[in-house]
Asks: 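Handing you a structure now.
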Number of protein chains: 2
Amino acid sequence: MAKKKFVEDKRQAILDAALSLFADQGFHGTSVPQIAQKAGVAAGTIYRYFDGKEAMVNVLYRHWRETAQGFVLSEFPVTAGPRAQFGAYWQRLFEFALTYPKAIAFLDFHHHQPYLDAKSFETERAGRATLRPFIEHAQQRGELKAVQPEVIMAITIGALIGLVKSAREGNVKLTPALIKEAEEICWSGISTPAAAARKK
Amino acid sequence: MAKKKFVEDKRQAILDAALSLFADQGFHGTSVPQIAQKAGVAAGTIYRYFDGKEAMVNVLYRHWRETAQGFVLSEFPVTAGPRAQFGAYWQRLFEFALTYPKAIAFLDFHHHQPYLDAKSFETERAGRATLRPFIEHAQQRGELKAVQPEVIMAITIGALIGLVKSAREGNVKLTPALIKEAEEICWSGISTPAAAARKK
DNA sequence: TAGTAATGAATGAACGTTCATTCGCTGGAG
DNA sequence: CTCCAGCGAATGAACGTTCATTCATTACTA
């Protein structure tokens with residue numbers, strides 16, 4: 001057991017190093033020896049744990065997409081109204097972004113890239129599918145504007161990623177107050193005027 | 001004269017090939033011989049026109065950022081009200097994205113990357129600086145929400161990029177009607193309730 | 001001591017870049 | 001009009017380096 005633990009520690013060190021380097025330099029901009037050095041192992045050791053560089057980026061991609069999804073959904077108010085659900089989603093995703101900044105950078109950088117395999121694309125698709133019913137339900141209640149759910153997702157996540165990137169470049173500072181302001185902006189964009197008025 | 005024309009054609013062929021490959025595969029994912037092959041020239045020829053791969057990506061970055069900026073500003077209604085200005089900005093940027101899809105993908109892919117030089121970063125900064133006064137003016141008139149202008153920019157451009165990417169992945173189709181819907185969503189997000197009500 | 005985990009030098013392919021050579025046009029001589 | 005010397009543009013083989021990956025060897029554990 002103690003031995004198995006040791007083995008898993010080494011695997012984890014490799015994954016951590018790879019996440020950080022991929023997030024900063026991208027897949028093609030990062031070399032395997034570089035990952036090995038940062039992880040504190042020999043280059044050959046990586047191939048005891050992964051089939052190769054592509055397999056490694058796919059393991060990372062799926063792991064962090066599922067982690068992000070789980071992180072948000074673990075506190076999602078399934079029975080609450082649309083406004084509260086949107087607020088929870090928004091706040092929780094920023095909490096994730098601030099807790100795991102490398103993971104957010106990695107996921108954005110490697111989104112839909114050609115070296116991701118079918119299983120990784122499926123993880124991506126499943127994530128969107130989980131979200132869609134909540135949007136449709138809110139639209140049926142007349143609280144979200146009646147556009148394609150994909151448009152709501154693209155705008156919301158796009159705005160969120162835009163803010164995270166802007167913060168990374170030093171143009172804004174992601175304080176709780178600013179995140180709340182941005183939440184209000186985003187909600188008043190996607191919600192119907194009626195729903196917005198009801199809130200007042 | 002006719003000879004000089006020929007020379008410039010070759011330079012342009014290299015830039016076109018590089019734009020397309022960088023947009024699809026990224027900087028590190030594209031090799032110089034690959035660019036040469038796509039441009040229909042020998043690898044060595046590239047070095048008659050550019051100092052190297054890094055110089056090439058910087059030339060492309062600055063060229064397309066300035067082109068995009070010029071494309072939008074050439075029809076910008078400087079004296080109109082904030083709502084009309086936002087509409088013009090939004091529509092014109094989508095027009096650019098649909099006219100030069102590779103350029104938009106390239107600019108997004110290579111934004112703020114470590115191989116961009118100081119001059120390219122300056123081009124980036126100047127672009128934001130041009131926009132800021134219009135946002136501040138609209139805020140003074142009480143038509144845009146009173147948050148940091150950078151937040152308005154990050155959310156607006158983030159949402160726009162989110163839509164363009166979603167379209168590239170086949171999740172939505174960028175019809176004029178959809179672009180107009182998205183414009184309305186974005187404007188009702190960043191504008192004050194008072195300004196939104198006035199429009200009705 | 002047996003067996004597995006880890007190593008890092010070795011490998012061949014591919015990288016960005018260079019440069020000796022070739023190509024193709026131009027303008028003056030015959 | 002024909003020829004070819006001169007010259008910059010274009011080439012692609014060759015360079016040294018670095019890449020991802022392999023594997024014979026070593027180190028460690030049980």
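For the numbers below, each heavy atom of this structure counts, side chains included, while hydrogens, waters and symmetry mates do not. Naming: A, B, ... by sequence-line order, numbering from 1 per chain. Remember, predicted model here, so these are calculated numbers, not experimental data.
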Asks: Which protein N or O atoms sit under 3.5 Å from an N or O of nucleotides 12-14 of chain D?
Replies:
none

Asks: Is B:D108 paired with B:K165 through a side-chain N to carboxylate O contact shorter than 4.0 Å?
Replies: yes
Asks: Between B:R128 and B:E122, is there a salt bridge with N-O shorter than 4.0 Å?
Replies: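 Not counted as a salt bridge, because no side-chain N and carboxylate O are separated by less than 4.0 Å.
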Asks: I'd like to know if A:E181 and B:K145 make a salt bridge, using a cut-off of under 4.0 Å between side-chain N and carboxylate O.
Replies: no
Asks: Would you call B:E150 and A:K173 a salt bridge, using N to O less than 4.0 angstrom?
Replies: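 Judged by the 4.0 Å cut-off on N to carboxylate O distance, B:E150 and A:K173 do not form a salt bridge.
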Asks: Please report the distance, rounded to the nearest Å, between OH in B:Y47 and C1' in C:dT17.
Replies: 5 Å
Asks: Please determine if a side-chain N or O atom of A:K10 lies less than 4.0 Å away from the OP1 or OP2 oxygen of C:dA6.
Replies: yes
Asks: At a heavy-atom distance below 4.0 Å, what parts of residues 50-57 of chain A sit against DNA chain C?
Replies: none
Asks: Whole angstroms only, please: what is the CZ-P distance between A:R11 and C:dA6?
Replies: 13 Å
Asks: Looking at CD of B:E169 and CZ of A:F121, how far apart are the two atoms once the value is rounded to the nearest 0.5 Å?
Replies: 8.0 Å
Asks: Could you tell me the separation between the CZ atom of B:R48 and the C1' atom of D:dG8, rounded to a whole number of Å?
Replies: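 The answer, rounded to whole Å, is 7 Å.
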Asks: Taking DNA chain D as the partner, which of residues 26-34 of chain B come within under 4.0 angstrom of it by heavy atom?
Replies: none
Asks: Measure OH/A:Y49 against P/C:dT7 and give the value in whole Å, please.
Replies: 9 Å
Asks: Can you tell whether the side chains of A:D24 and A:K102 come within less than 4.0 Å, N to carboxylate O?
Replies: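 A salt bridge is present here (some side-chain N lies under 4.0 Å from a carboxylate O).
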